A.B. asks: 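Mind looking over this structure? Questions follow.
What's counted below: heavy atoms across the whole structure, side chains too, no hydrogens, waters or symmetry copies. Per chain, numbering begins at 1; letters A, B, ... match sequence-line order. All of these numbers come straight from a predicted model, not from anything done at the bench.
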Amino acid sequence: MKQRVAALLRDKFNCDVILEKPKDRSFGHFSTPIAFSLSKELRKSPMIIAEEIANSFGDESVFSAVESVKGYINFRLSESFLDEYASWALTHGEQFGSDDKKGTILLEFVSANPTGPLHIGHARGAVYGDTLLRLGRHLGYDMTAEYYVNDAGNQIDLLGVSLQLEGRSALLGEEVEWPEKYYRGEYLSDLASEAVELFGEESLRDESRQKELALWAKDKILALIVADLKAINVHFDTFVGEASLYGEWDRVMAKMGDGVYQNEGKTFIHSSDFGDDHDRVVVRDDGRPTYLAGDIIYHNQKFERGYEDYINIWGADHHGYIARVKAAVSFLGYNPEKLEVQLSQMVSLLKDGEPFKMSKRAGTVIQMNDVVEEIGSDALRFMFASKKCDTALEFDIEELKRTDSSNPIYYVQYAHARIQTLVSKSEKSLDEIMSAHLHGLSADADGLLFEALLLPEIIEDAFESRQAQKLPDYLKALAAKLHKFYYDTRIIGNEDETKLLKLLLVVALSIRTGLSLLGIEAKNSM
RNA sequence: GCGUCCUUAGCUCAGUUGGAUAGAGCAAUGCCCUUCUAAGGCAUCGGUCAGAGGUUCGAAUCCUCUAGGGCGUACCA
């Protein structure tokens, strides 16, 4: 809709015209401050320029009015244009707002270590990534969702040790000495008892079997993670394991050429060329690769698969990694600008107003699946999707658990349910409703219709700017308009019943489509 | 120290291609159900957009500095 208006104005003025939302809808549907920027060039007052421009519009069928007010030019869309657009939207159903963008994008997100179930902090990246995925696909991009599994390195060794100790301590009642770092949690005792069944008690005492146990456990834990994600409607297309990559190392290192060098028996990467504080070790003097080495091979493998763009969603604690990985990508002969890293800031928790620290050792980790069980996937997704992800997020655990009306997901769902109820209560047939023409609407009805028709712009903007929170924001605003309209206007029995129902069907469509892009199913009754 | 992200109402947050009077929800106070689901609506209260400069017709938004906070600054992942 906006694109169409913008295109029309571009043809008329031969330049791009900024269209924005008027402060007050009574001014019109769109407005532009173009007269202000032209005033310097033309040496005339903005008011006069705006006046002249407004008067230059004749009988375009798209606009019913073009007016200048205090230097702004306000456009009012014609009823026939809006009606036509509404009908078009309704016949396209949930494809409303879809597009046929081209391009392949590899989106990597979550990638939590397979050493324990997901905790509440992981939910933010998972929800954000999955929302981007749904938005991008709706717009036509060919997107692949990928999970990078860190199934190598110290943490896997640590997992093996932790599993044995947990088993001996909790299951066999032995006194054990805990090392400085270890994992802990209910999932470990569950795994330990399963290990005893499968491998026997002795497997918990045999240090030579730690590795074997760890690898077995990491697969079990990954399955737990996948199940946790499934519970919030997040699905991955591909999983790439770190351990499986190291066979490529020699070839990848050769590919980087001068980007890597040897010093004191270690291999370094020239990451300082890309703004890193100093060059980083990628292979230790004993020949073991560092974590960065795995990431380098992984990104080489990503680029060899030939996507057009790459998006990584990382936690903010990885931001120092951006320069290093981009350096590697460049040394590998690829364009580092193709790799876009979105950071999701930390989530910190409050309990009773006091900062609450999750600690694996103290067993105070708040698991994501516990929260999902309590408040449901929809509320969790909506709440995380509503926050832009470049601000550190703080929330109270008790508040998160509240399921009353203070939770905005119910507000949006209720709006959709109200419309469904009206449609099912009305005697009017769907055909009658669809063939109604939207004209002579009140200002409120017009405002509601226009808001509902904005969905495509919101989707595009939310994805291209990577600001997924714009979608839930929009849905809240649309729901608010609907609730007010519902309160003010009796629909059933109204002389304009079919018209109003058609309008409401557009609203319901936008809510339903928007929610599904958030991985939430709209409810027809509450 | 350096790098980086941030600071908007009592709380949690929206608001960036610079635009008209800075917005929601929660909390607080008061109204509105014999009328399509009150999981709703209306009203009141609440702001030096961290502070100071700058850029210009115009700044929460862009630039500089200052203060405060998160994260990073490992041969851990």
A.B. asks: For nucleotides B/C13 and B/A60, find the distance between their C1' atoms and express it as a whole number of Å.
C.D. replies: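 That atom pair is separated by 15 Å.
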A.B. asks: Give me syn or anti for B/C33, where syn covers glycosidic angles within 90 degrees of 0.
C.D. replies: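 Chi for B/C33 falls in the syn range.
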A.B. asks: Send over the distance from A/K481 NZ to B/G23 P, rounded to a whole Å.
C.D. replies: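 Distance, rounded to whole Å: 13 Å.
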A.B. asks: Tell me which nucleotide, if any, is Watson-Crick or G-U wobble paired with B/C57 when both distances must be under 3.5 Å.
C.D. replies: B/G19
A.B. asks: Heavy atoms from C-beta onward define the side chain here; which of B/A77, B/U73, B/U16 lies closest to that of A/D277?
C.D. replies: B/U73
A.B. asks: Taking the P atom of each, how far is B/C49 from B/U29, in whole Å?
C.D. replies: 29 Å
A.B. asks: Looking across every strand, which nucleic acid part, if any, lies under 4.0 Å from A/T489 by heavy atom: base, sugar-phosphate, or nothing?
C.D. replies: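 Base, at least one base atom sits under 4.0 Å.
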A.B. asks: Considering only the P atoms, how many Å lie between B/A28 and B/U66, rounded to the nearest integer?
C.D. replies: 43 Å
A.B. asks: For the pair made of CD1 in A/I322 and P in B/G72, what is the distance, rounded to whole Å?
C.D. replies: 14 Å
A.B. asks: Counting only Watson-Crick pairs (N1-N3 plus N6-O4 or O6-N4) and G-U wobbles (N1-O2, O6-N3), all under 3.5 Å, who is the partner of B/A52?
C.D. replies: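 WC or wobble partner is B/U64.
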A.B. asks: If you assign A/D279 and A/R490 each to the RNA chain B nucleotide with the nearest heavy atom, which residue ends up on the more 5' nucleotide?
C.D. replies: A/R490
A.B. asks: Taking the C1' atom in each of B/U44 and B/A27, what is the distance between them to the nearest angstrom?
C.D. replies: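 Pairwise C1' distance, B/U44 against B/A27, rounds to 14 Å.
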A.B. asks: Quickly work out the A/K387 NZ to B/C11 P distance and round it to whole Å.
C.D. replies: 14 Å
A.B. asks: Using a heavy-atom cut-off of under 4.0 Å over every strand shown, decide if A/S465 touches base, sugar-phosphate, or nothing.
C.D. replies: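 A/S465: no heavy atom of the nucleic acid under 4.0 Å.
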A.B. asks: Using a 4.0 Å heavy-atom cut-off, does A/K484 contact any base of the nucleic acid, only the sugar-phosphate backbone, or nothing at all?
C.D. replies: sugar-phosphate
A.B. asks: Let me know the distance between OH of A/Y148 and P of B/A77, rounded to the nearest Å.
C.D. replies: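 Rounded to the whole Å, the gap is 11 Å.
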A.B. asks: Any side-chain N or O of A/Y410 less than 4.0 Å from the OP1 or OP2 oxygen of B/U37?
C.D. replies: no
A.B. asks: Is the aromatic ring of A/Y72 within stacking range of B/A20, meaning centres under 5.5 angstrom and planes under 30 degrees?
C.D. replies: yes
A.B. asks: Quickly, which of A/Q342, A/H318, A/K302 forms a side chain to side chain donor-acceptor pair (under 3.5 Å) with A/N312? Name it, please.
C.D. replies: A/K302
A.B. asks: Please report whether the ring centroid of A/F268 lies less than 6.0 Å from that of A/H278.
C.D. replies: no
A.B. asks: Could you work out the separation of B/A77 and B/U64 based on their C1' atoms and round it to a whole Å?
C.D. replies: 39 Å
A.B. asks: Would you say A/Y411 reaches B/A24's phosphate, i.e. side-chain N/O to OP1/OP2 under 4.0 Å?
C.D. replies: no
A.B. asks: Side-chain N or O of A/K388 less than 4.0 angstrom from OP1 or OP2 on B/C6?
C.D. replies: no
A.B. asks: For B/U44, give its Watson-Crick or G-U wobble partner with both distances under 3.5 Å, or none.
C.D. replies: B/A28
A.B. asks: Of all the choices, B/C42, B/G40, B/C36, which nucleotide is nearest to the side chain of A/T421 once you look at every atom?
C.D. replies: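 Closest of the options to the side chain of A/T421: B/C36.
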A.B. asks: For A/Q262 and A/T267, which I'm curious about, is there any donor-acceptor pair between the side chains at under 3.5 Å?
C.D. replies: yes
A.B. asks: Base, sugar-phosphate, or nothing for A/H319, non-hydrogen atoms under 4.0 angstrom?
C.D. replies: base
A.B. asks: Rounded to the nearest 0.5 Å, how far does OH of A/Y474 lie from CD1 of A/I459?
C.D. replies: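 The OH atom of A/Y474 is 8.5 Å from CD1 of A/I459, to the nearest 0.5 Å.
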A.B. asks: Mind calculating the distance between CG (A/L159) and C1' (B/A77) to the nearest angstrom?
C.D. replies: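 Interatomic distance, CG of A/L159 to C1' of B/A77: 13 Å.
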A.B. asks: State whether A/R418 places a side-chain N or O below 4.0 Å from either non-bridging phosphate oxygen (OP1 or OP2) of B/A39.
C.D. replies: no
A.B. asks: According to a strict under-4.0 Å criterion, is A/Q420 in side-chain N/O contact with OP1 or OP2 of B/C36?
C.D. replies: no
A.B. asks: Any strand is fair game: report the nucleotide pairing with B/U4 by Watson-Crick or G-U wobble, both distances under 3.5 Å, or none.
C.D. replies: B/G70
A.B. asks: Counting side-chain heavy atoms from C-beta on, which of B/A77, B/G19, B/U37 comes nearest to A/A417?
C.D. replies: B/U37
A.B. asks: Compute whether any side-chain donor of one residue and acceptor of the other, for A/N74 and A/E67, lie under 3.5 angstrom apart.
C.D. replies: no
A.B. asks: Under 4.0 Å, heavy atoms only, any strand: does A/S31 hit a base, just the sugar-phosphate, or nothing?
C.D. replies: base
A.B. asks: Give me the distance, rounded to whole Å, that separates B/A38 from B/G23 when you measure between the P atoms they each carry.
C.D. replies: 29 Å
A.B. asks: Out of B/U73, B/C36, B/U16, which nucleotide sits closest to the side chain of A/Q467?
C.D. replies: B/U16
A.B. asks: If you assign A/Y486 and A/Q155 each to the RNA chain B nucleotide with the nearest heavy atom, which residue ends up on the more 5' nucleotide?
C.D. replies: A/Y486
A.B. asks: In whole Å, measure the gap between the C1' atoms of B/U12 and B/U73 for me.
C.D. replies: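 31 Å, rounded to whole Å.
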A.B. asks: Any strand is fair game: report the nucleotide pairing with B/A39 by Watson-Crick or G-U wobble, both distances under 3.5 Å, or none.
C.D. replies: none
A.B. asks: Ring centroid separation for A/F450 and A/F30, is it under 6.0 angstrom?
C.D. replies: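 Yes - the distance between ring centres of A/F450 and A/F30 falls below the 6.0 Å cut-off.
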A.B. asks: Whole angstroms only, please: what is the NE2-P distance between A/H278 and B/G1?
C.D. replies: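 A/H278 atom NE2 is separated from B/G1 atom P by 18 Å.
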A.B. asks: Classify A/R280 by what it touches in the nucleic acid, base, sugar-phosphate, or nothing, heavy-atom distance under 4.0 Å.
C.D. replies: sugar-phosphate
A.B. asks: Which heavy atom of A/A468 sits nearest a heavy atom of A/T131, and at what distance?
C.D. replies: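 So the minimum-distance heavy-atom pair works out to CB-CG2, 3.9 Å.
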A.B. asks: Rounded to the Å, how far apart are A/L500 CG and B/C36 P?
C.D. replies: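 Going from A/L500 (CG) to B/C36 (P), I get 17 Å.
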A.B. asks: Could you tell me whether the side chains of A/Y261 and A/D279 share a donor-acceptor contact shorter than 3.5 Å?
C.D. replies: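 Result is yes, a qualifying pair exists.
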A.B. asks: Can you tell me how far C1' of B/U16 sits from CD of A/Q469, to the nearest Å?
C.D. replies: 11 Å
A.B. asks: For the P atoms, the ones on B/U17 and on B/C11, what distance do you get once it is rounded to whole angstrom?
C.D. replies: 28 Å
